[in-house]
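Throughout, protein chains are lettered first and strands after them, A, B, ... in sequence-line order, and every chain is numbered starting at 1.
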Amino acid sequence: MLDIQFIRDHADRVRTAMQQKGIGDGSLVDQVLAADTERRELIAQTQDTQTRSNAAAREIGTLMKEGRKEEAQAAIAESSQLKATLKELEEKERLVQEKVDALLLEVPNVPHDSVPVGRTPADNVVAFEWGTPREFDFEAVPHWDLLDRHDLADFDRGSKVTGAGFPFYRGPGARLQRALINFFLDEAVQAGYVEIQAPLVVNADSARGTGQLPDKEDMMYEAKKDGLYLIPTAEVPVTNLHRDEIFGADQLPIRYCAYTPCFRREAGSYGKDVRGLNRLHQFDKVELVHFVRPEDSYQALEDLREHAESLLRKLELPYRRLLMCTGDMGFTQAKKYDLEVWSAAQARWLEVSSISNFESFQARRMMIRYRAEQTGKPQIIHTLNGSGLALPRIVAALLENNQQADGSITVPAALRPYFGSDAIG
RNA sequence: GGAGGGGUGGCGGAGCCUGGUUGAACGCACCGGUCUUGAAAACCGGCAUACCUUUACGGGUAUCGUGGGUUCGAAUCCCACCCCCUCCGCCA
C-alpha cells in the first residue's frame, strides 16, 4: 500500500508506475484522489459536529451539577438533534473510507529507478551468470527418472494419499531434503540471521498484511472452519511477526531466516512446468526476511541477493541472476531479482529464489515502524525478503547436473557433511 | 470442551461497584534543565498513536483487547467475539 499523501504529491509518477507494470491505465489514481477529497470533506464535517456535541454534553454535565434542571433539559433536546446528524455523517464517512481503502489496495508499488521498463519476461535483464553448464558424453536423464531409479521420491503414492503435487521423499531422497535445509539454515545463521520457527497457518489479518489477501486467496489452502490459511511462504508469518510494532532506533536492522514447508494451490498449472519437482503443492524453503531503515534497504537488497548467490556457488550449481523488468515483477515489489539454476537434462533455467525490496509497501499495510532518532517520530520501515533457497528445483538441478555415466549422482562437497555421503547410488 | 478471574499509555498500576473537565492518578523507565569539578541524589519541566486542519504557532476528532448497543455524555453500564491466567476434563 502506498501512502495516500505520496499519491497526492506524486500522482503522475504513480500513474506511470501502473502503466509500466501493466496494471490498468492509471485512471485509478484519479479515483483515489477524488475519493480522498470526498473523505476529507466528510471528516471535517463529522469532526465539527462532534466538537459541538462534546461541548453540549459537557455543558449539560455542569448544569446538572448546579441543579439547573430546566436549562439542562433544553440542552439535552438540542444535543439529541446533533446526535442524529452525527449518525448520518459517520455512516457516510465510513462508506467513503472503505472506498478509499479498497482503491488504495489496488494501487501497485512504484518501481525503483534502476528497474528496466518492460512488459514481458523477455524484457528481464540477465544481470549476471556464474558457472558453466556441464557437457555430457551420454544422454542426461531428467530428474524425475533419476528420482525413480534411485527410489528417492514417490509421486504415485503421494497422489494416492493426498493428491498430485504432494510427493513422498524416501531414504537418501528424504535425507537430501534434510541436508539442504540444515545447510541453508546454518549458512544463514552464520551470516547473522536469527533463526525462526514459525506457525504454518495464519489468520486473515496476516494474509492481508503481506498481500495474499484480498486478491490472491486462490493461491492458499484454507482451513475454513477456523478462518486460517496454510502459508504459501514463510514470508507471511515471519513478516507479520512485527505487525503493529514500533522499533527503537537501535533495534534495526533485523534479519530472520526460517525454514518452513510452503503450501500453494497453483491452480491452472499443467504440462512440463509441473513435471517431477518443477512445481509442487507442498515444498520446502528457507526464507530470509529483512526489516531495515528506509535509507538502508537497497544495500540490504544487495546483501540478501549476495547471500543467496553464495549458496548456489557453494552447491556448484550454474546460475544466472535476472533483474526483473517493471512488467514482470509483480504488484508489491519496488525491485526484484530472480535467481535461476541450470537444469542440465531439461536444458532450461529453473527459478530457485526471488529476492525483493518492498520498500514501505508491506510495512505500511502492517504498520511496522521505528522511531527515528532525529525526529523522534514513528516512521514506516522497509521490508525485504528472498528465498535462501527453495528446495525442489535445487534437488532437480543437483540430480541432473551431477549424474554420472554409471547412473550414480555425485553430491557437492559443501553438502557432504550434511548428507553423510559423497554420492547417491 | 466446562467453571472462574482478567485485558488500561514503554513497563508496573489506580480508576470500573456509585457514567459527567479522566487521554486517563501514582510509581518506574526515558528525554531536557537546575545543582555539581564530573557523576549520583534532589528539584523543575517534558514524555501515546492515528487522522483532519494550519505557512507556522496552534486548534480539533478518535482510540482504555475488538466490534456493536444504551445515554445528552461510557475506560466505567449491556451484548457478542478475540486473547491471557487459574482449576477441571481431554490429548501428542
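Distance check on atom C1': B/A48 versus B/U22 gives 15 Å, rounded to whole Å. Atom P of B/A39 sits at a distance of 11 Å from the matching atom of B/G33, rounded to the whole Å. Look at the C1' atom in both B/G60 and B/C83: the space between them is 34 Å, to the nearest Å. B/G5 sits 24 Å from B/C90 when the P atoms are compared, rounded to a whole Å. Taking atom C1' on both B/C28 and B/A14, the two are 15 Å apart, rounded to the nearest angstrom. Distance noted for atom C1' between B/C44 and B/U86: 46 Å (whole Å). Of the C1' atoms belonging to B/G20 and B/G73, the separation is 7 Å, rounded to the nearest Å. Comparing B/U71 with B/G10, their C1' atoms are spaced 35 Å from each other, to the whole Å.
OP1 or OP2 of B/C52 has at least one side-chain nitrogen or oxygen of A/R39 nearer than 4.0 Å. Close to B/C72, at under 4.0 Å from its OP1 or OP2, lies no side-chain N or O of A/R58. Listed pair A/N54 / B/A62 meets the phosphate criterion, a side-chain N or O lying under 4.0 Å from OP1 or OP2.
Distance CD (A/Q45) to C1' (B/C51): 16 Å, rounded to an integer number of Å. Here B/C51 presents its C1' atom at 12 Å from CD of A/Q5, a figure rounded to the nearest Å. In this structure, A/D226 places its CG atom 15 Å from C1' of B/C81, rounding to the nearest Å. Taking atom CZ of residue A/R52 and atom P of nucleotide B/G73, one finds them 15 Å apart after rounding to whole Å. Rounding to whole angstrom units, CG of residue A/L86 and P of B/A62 are separated by 9 Å. Taking atom OH on A/Y370 and atom P on B/G10, their separation rounds to 19 Å, with Å as the unit. When rounded to the nearest whole Å, the span between CD of A/E71 and P of B/G20 equals 22 Å. If you take CD of A/Q47 and P of B/C52, they are 9 Å apart, rounded to a whole angstrom.
A/Y337 carries A/R305 over the face of its six-membered ring, with the cationic atom under 6.0 Å from the centre and within 45° of the normal.
Remark: A/E98 engages A/R94 in a salt bridge, criterion side-chain N to carboxylate O under 4.0 Å. Salt bridge A/R313/A/E306: present, at least one basic N to carboxylate O contact under 4.0 Å.
Of the candidate nucleotides B/U49, B/G60, B/C72, B/C72 has the atom nearest to the side chain of A/I60. Distances were taken from every side-chain heavy atom of A/R40 (C-beta onward) to each of B/A50, B/C72, B/C52; the shortest belongs to B/C52. Taking every side-chain heavy atom of A/R369 into account, B/U49 is the closest of B/C52, B/U49, B/G73. For A/M367, counting side-chain heavy atoms from C-beta on, the closest listed nucleotide (B/A62, B/C72, B/A50) is B/A50. Set against B/A50, B/C72, B/C52, the side chain of A/I76 has B/C72 as its closest nucleotide.
Between A/I231 and A/L200, some side-chain heavy-atom pair lies under the 4.5 Å cut-off. Between A/I76 and A/Q73 there is a side-chain heavy-atom pair separated by less than 4.5 Å.
Of the two residues near RNA chain B, A/T51 and A/A56, the one whose nearest nucleotide lies more 5' is A/T51. Nearest-nucleotide positions on RNA chain B for A/D36 and A/R371 put A/R371 closer to the 5' end.
Pairing partner, B/G4: B/C85, with both Watson-Crick or wobble hydrogen-bond distances short of 3.5 Å. With a 3.5 Å ceiling on both atom-pair distances, B/A74 lacks any Watson-Crick or G-U wobble partner. Base pairing of B/C64: no nucleotide in any strand meets the Watson-Crick or G-U wobble criterion (both distances under 3.5 Å).
In this structure, CG in A/L180 is found 6.5 Å from CG in A/L315, a value given to the nearest 0.5 Å.
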- Message: Apply salt bridge (Lys or Arg N to Asp or Glu O under 4.0 Å) to residues A/K336 and A/D328 and explain how you reach the verdict.
- Response: CA-CA 9 Å; A/K336 172 174 154 183; A/D328 197 32; over 6 Å; no
